[in-house]
Amino acid sequence: MLRVAVTGGICDGKTTILALVREAGFPTFSADEVAAAILREPEFLSKVTDAFGDEATSDDGLDKEFIRASVLPDPARRRRLNSIAHAETLRRLLAAMSASDRLSFAEVPLLIETGAHRYFDAVWVVVSSPEEQVRRLTERLGDREAAERSLAVQLPTRAKIPFGDRILRTVQPVSSVRLQVETALDALATRRLRW
């Protein structure tokens, strides 16, 4: 059983890659989904309010607008937020992947930043382009300045490339992206983890 981490920057296309892997019949997991579930649990929500005040949470968990505006731009506050749930997120994610007796994949955005890459058998780095990231994130947020601010505080994708066993480029037609995924899956099937 091999565990593959899929990482990259925001709006680089990680979710698209994971969807293609899932279509191919492999189990997929998301660190963001695991973390979101954890941060709805009273124990972890209380840690967030202790760290950032009541305005950091809402009835649904984290107040995303507050986090985006007041926590993410500040490196120290961002590290503090990540530390609250990171270890538990990784523990649950790896446990879920280990429960599968098949090759499995997890989308882990902060894989390199947290040093979690050492817990996986292979790393796929998903790359678009800085311009495409801005375009996609602007479309998602409806605000180009907010998109540029969000991207400015993140580790650039180019810094993640040296950690990748496979680099998947998503600024091209979906058919080309699908072919990259199929090629990468074939390589994993034959256990050639270094390309």
Side-chain angles (χ1 to χ4, degrees), residues 1-126 136-137 139-141 146-147 150-151 153-155 157 160:
M1 184 272 302
L2 298 174
R3 294 186 301 218
V4 180
V6 178
T7 195
I10 190 169
C11 289
D12 266 328
K14 299 180 299 298
T15 303
T16 298
I17 297 298
L18 217 64
L20 291 170
V21 166
R22 193 166 36 254
E23 276 181 27
F26 295 95
T28 61
F29 303 88
S30 166
D32 282 349
E33 289 177 8
V34 173
I38 288 170
L39 288 169
R40 285 192 294 271
E41 295 175 8
E43 172 191 352
F44 290 96
L45 274 179
S46 69
K47 291 179 181 179
V48 172
T49 55
D50 288 348
F52 305 110
D54 290 335
E55 63 268 31
T57 61
S58 68
D59 292 341
D60 299 325
L62 289 182
D63 184 311
K64 292 180 183 176
E65 286 300 317
F66 175 85
I67 298 300
R68 189 178 295 122
S70 301
V71 176
L72 296 183
D74 182 326
R77 297 184 102 199
R78 191 168 62 249
R79 281 192 300 273
R80 190 168 184 193
L81 176 63
N82 288 338
S83 72
I84 290 171
H86 170 69
E88 183 63 10
T89 297
L90 184 61
R91 187 191 70 74
R92 292 186 194 184
L93 184 66
L94 293 173
M97 294 179 83
S98 294
S100 171
D101 60 355
R102 304 185 60 210
L103 171 63
S104 59
F105 295 78
E107 180 181 357
V108 189
L110 298 179
L111 182 79
I112 306 307
E113 296 89 329
T114 60
H117 58 283
R118 64 185 183 272
Y119 296 103
F120 293 85
D121 300 297
V123 173
W124 289 4
V125 179
V126 182
R136 291 173 181 173
L137 190 54
E139 191 175 285
R140 181 188 297 175
L141 300 177
S150 292
L151 286 164
V153 301
Q154 294 200 350
L155 182 68
T157 305
K160 300 180 181 190

How close do [X] and [Y] get, counting heavy atoms only, and between which atoms?
X     : Y      : answer
Leu93 : Phe120 : CD2-CZ, 4.4 Å
Met97 : Ala106 : SD-CB, 3.6 Å
Phe52 : Ile84  : CE1-CD1, 4.2 Å
Ile67 : Ala56  : CD1-O, 4.3 Å

Hey, what do you get for [atom1] ([X]) to [atom2] ([Y]), rounding to the nearest 0.5 Å?
X      : Y      : atom1 : atom2 : value
Leu72  : Gln154 : CG    : CD    : 8.0 Å
Phe29  : Leu94  : CZ    : CG    : 10.5 Å
Asp63  : Ser58  : CG    : OG    : 5.5 Å
Lys160 : Thr7   : NZ    : OG1   : 4.0 Å
Arg78  : Leu110 : CZ    : CG    : 9.0 Å
Leu45  : Asp54  : CG    : CG    : 11.0 Å

So, Arg3 versus Ser104: side-chain donor-acceptor pair below 3.5 Å or not?
no

Going by atom types only, do Thr157 and Asp12 share a side-chain donor-acceptor pair under 3.5 Å?
yes

Test your reading of the model: is there a side-chain donor-acceptor pair from [X] to the backbone of [Y], 3.5 Å cut-off?
X      : Y      : value
Arg140 : Ala147 : no
Ser83  : Arg80  : yes
Arg77  : Ser70  : yes
Thr28  : Arg22  : no
Lys14  : Gly9   : yes

Candidate pair Leu137 and Leu151, rule side chain to side chain contact (heavy atoms under 4.5 Å, CB included), full reasoning
CA-CA 9 Å; Leu137 190 54; Leu151 286 164; 4.0 Å; yes

Can you tell me if Asp50 has over 12 outside heavy atoms packed within less than 6.0 Å of its CG?
yes

Enclosure of Tyr119 OH (heavy-atom neighbours >12, cutoff 6.0 Å):
no

Aromatic ring pairing Trp124/Phe105, orientation class (parallel under 30°, perpendicular over 60°, tilted between)
tilted

Is there a side chain to side chain contact (heavy atoms under 4.5 Å, CB included) between Val4 and Asp121? Walk through the geometry before answering.
CA-CA 6 Å; Val4 180; Asp121 300 297; 5.8 Å; no

Audit row: Val6, Val126, side chain to side chain contact (heavy atoms under 4.5 Å, CB included) steps and yes/no:
CA-CA 7 Å; Val6 178; Val126 182; 3.6 Å; yes

Is Arg91 paired with Glu88 through a side-chain N to carboxylate O contact shorter than 4.0 Å?
yes

Does the distance from a Lys or Arg side-chain N to an Asp or Glu carboxylate O, for Glu33 and Arg40, drop under 4.0 Å?
no

Evaluate the side-chain proximity of Pro75 to Val153: yes if any heavy-atom separation is below 4.5 Å, no if none is.
no

